[in-house]
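FYI, side chains are in, hydrogens and waters are out, and symmetry mates aren't considered; it's all heavy atoms of this structure.
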Amino acid sequence: MPQYLHCANPPALSSSDILCVALAHNEAALLPEFLSHYRALGVSRFLIVNDRSTDGTDEILSQSEDVTVFTPCEGSTYKEHKRFWRAEILDQYGTGKWCVVPDIDEHLIFEGMGSRHLPDVVADLEREGAKAVQATMVDMYSDVPFNEARYTGGSLTEAFPFFDGPDHHFRLIAPRRFRKKYPTPDHMVFGGVRQRLFLPLDIYGNSWRERFFRGASTVNGGFGFRGASGLAAYAARALIKSRLKKRNLFNLTKVPLVRWRKGWFYYNGAHALSAPARLSREKMALLHFCFAAGSSGFEHKAARGEHANGSEFYQKMLHSDQARRSSPVFTGTEKYTSEKSLGSFIGRS
């Protein structure tokens with residue numbers, strides 16, 4: 001594989017290190033909370049790609065002794081090479097180690113965080129024989145219109161405390177062609193505020209099809225498709241197949257904690273792995289602070305076009321009355337105060 005990244009000071013790591021591998025582009029506002037959160041969880045070393053930032057991100061990273069900074073080689077871009085960037089770092093430094101692989105706007109949450117840290121979690125995963133953990137990306141929002149929301153520092157969960165509850169998220173078996181290339185996990189989770197407001201699916205009616213879909217696709221009981229639940233999952237996908245042709249889904253499933261094996265690749269932003277890997281029965285969540293920059297953030301991400309379907313979500317946000325006029329809070333909104341607020345998003349399935 002060609003070399004895509006340069007590192008001026010390669011890290012010296014121990015076999016017990018728990019690594020955090022992330023990609024950053026103009027993330028100065030979010031980086032302090034990001035680093036603080038993962039340090040508190042038990043990450044011992046950060047390996048971060050600084051993708052040509054111009055907002056002070058490089059200064060924050062260079063002042064942190066537990067951070068090793070990588071920069072893209074000439075001609076290498078996030079849009080074309082992000083999966084190679086992650087793989088290059090993970091292959092060289094993370095092989096055989098437990099690694100956390102979030103985006104800078106994502107905070108990993110798991111059951112018992114008050115008394116349980118990543119070394120404890122890893123020990124449990126080793127005893128279980130698991131090689132990876134799946135998580136649901138939970139979009140966090142405030143009670144003002146999206147383009148008015150501004151993060152100015154402090155606690156992100158206080159600035160953006162709301163989310164759509166588990167009853168408004170659904171699991172769906174992944175398409176067969178996708179599962180052949182990226183078999184872990186075999187499903188995706190969709191729903192939440194972005195799907196609800198910007199690419200809605202008609203799945204909340206009282207027809208038998210919609211009731212069956214909601215019952216067969218709930219995330220409350222876990223993500224594994226075994227036995228009768230597996231048959232129900234295939235049936236549920238068949239029932240809404242025609243609707244999927246007209247709507248894109250925001251894939252909220254990620255695999256952010258993994259015991260890396262050399263040669264693996266992630267699909268886009270750590271949504272799936274390129275090889276079979278035994279998943280833990282423990283479910284985790286990633287609090288996703290994608291609305292922290294308001295309308296300027298939407299404009300920036302839409303212009304870069306680096307996210308799914310040419311940043312379709314952010315394009316819709318820019319031209320949406322919902323983003324300009326209304327609070328996203330509705331009757332299914334929950335408020336985050338601790339990991340217990342997440343209900344069935346976390347725990348064991």
Exercise. Do the side chains of D51 and L23 get nearer than 4.5 Å, heavy atoms only?
Worked result: no
Exercise. Are any non-hydrogen side-chain atoms of V101 and P256 less than 4.5 angstrom apart?
Worked result: no
For the side chain of [X] and the backbone of [Y], is there at least one donor-acceptor N/O pair under 3.5 Å apart?
X    : Y    : result
N26  : T54  : yes
R86  : N268 : yes
K82  : G269 : no
T184 : A277 : yes
S341 : T337 : yes
T136 : V138 : no
T218 : G215 : no
R196 : P328 : yes
H37  : E33  : no
E111 : R348 : no

[atom1]-[atom2] distance between [X] and [Y], expressed to the nearest 0.5 angstrom:
X    : Y    : atom1 : atom2 : result
L5   : C73  : CG    : SG    : 6.5 Å
T253 : Q134 : OG1   : CD    : 7.0 Å
R52  : T57  : CZ    : OG1   : 14.0 Å
I48  : D58  : CD1   : CG    : 12.5 Å
I346 : M113 : CD1   : CE    : 8.5 Å

Exercise. When Y93 is tested against each of F70, F46, W260 for ring-ring contact (aromatic ring centres under 6.0 Å, His included), which residue passes?
Worked result: F70
Problem set entry | Among Y266, Y78, Y4, the one residue meeting ring-ring contact (aromatic ring centres under 6.0 Å, His included) with F84 | Y4
Strictly by modelled atom types, are [X] and [Y] linked by a side-chain donor-acceptor pair under 3.5 Å?
X    : Y    : result
S44  : D17  : yes
W264 : D91  : no
S207 : E210 : yes

Exercise. Do NZ/NE/NH1/NH2 and the carboxylate oxygens of R116 and E339 come within less than 4.0 Å?
Worked result: no
For this session: Inspect the contact between D139 and R194 and indicate whether a charged nitrogen and a carboxylate oxygen are less than 4.0 angstrom apart.
Result: yes
Can you give me the closest heavy-atom contact between [X] and [Y], atom names plus distance?
X    : Y    : value
E27  : D55  : N-OD2, 3.4 Å
A24  : S53  : O-OG, 3.8 Å
D164 : G192 : OD2-C, 3.2 Å

For this session: Decide if the gap between the ring center of F250 and the ring center of F198 is smaller than 6.0 angstrom.
Result: no
For this session: Can you spot which of L342, V193, T333 makes a side-chain contact (heavy atoms from CB on, under 4.5 Å) with F163?
Result: L342
For this session: Classify the ring geometry between F330 and H168 as parallel (under 30°), tilted (30 to 60°) or perpendicular (over 60°).
Result: perpendicular
For this session: Please state whether the rings of Y38 and H107 are parallel, tilted or perpendicular, taking 30° and 60° as the class boundaries.
Result: perpendicular
Seminar exercise, completed: Sorted by chain and number, sequence neighbours left out, ring-ring contact (aromatic ring centres under 6.0 Å, His included) with H169 holds for F345
Problem set entry | Residue pairs passing the ring-ring contact (aromatic ring centres under 6.0 Å, His included) test where at least one lies in residues 113-141, sequence neighbours excluded | none
Exercise. Tell me the salt bridge (Lys or Arg N to Asp or Glu O under 4.0 Å) pairs involving residues 250-267, sequence neighbours left out?
Worked result: D103-K254, E106-K254, E126-R259
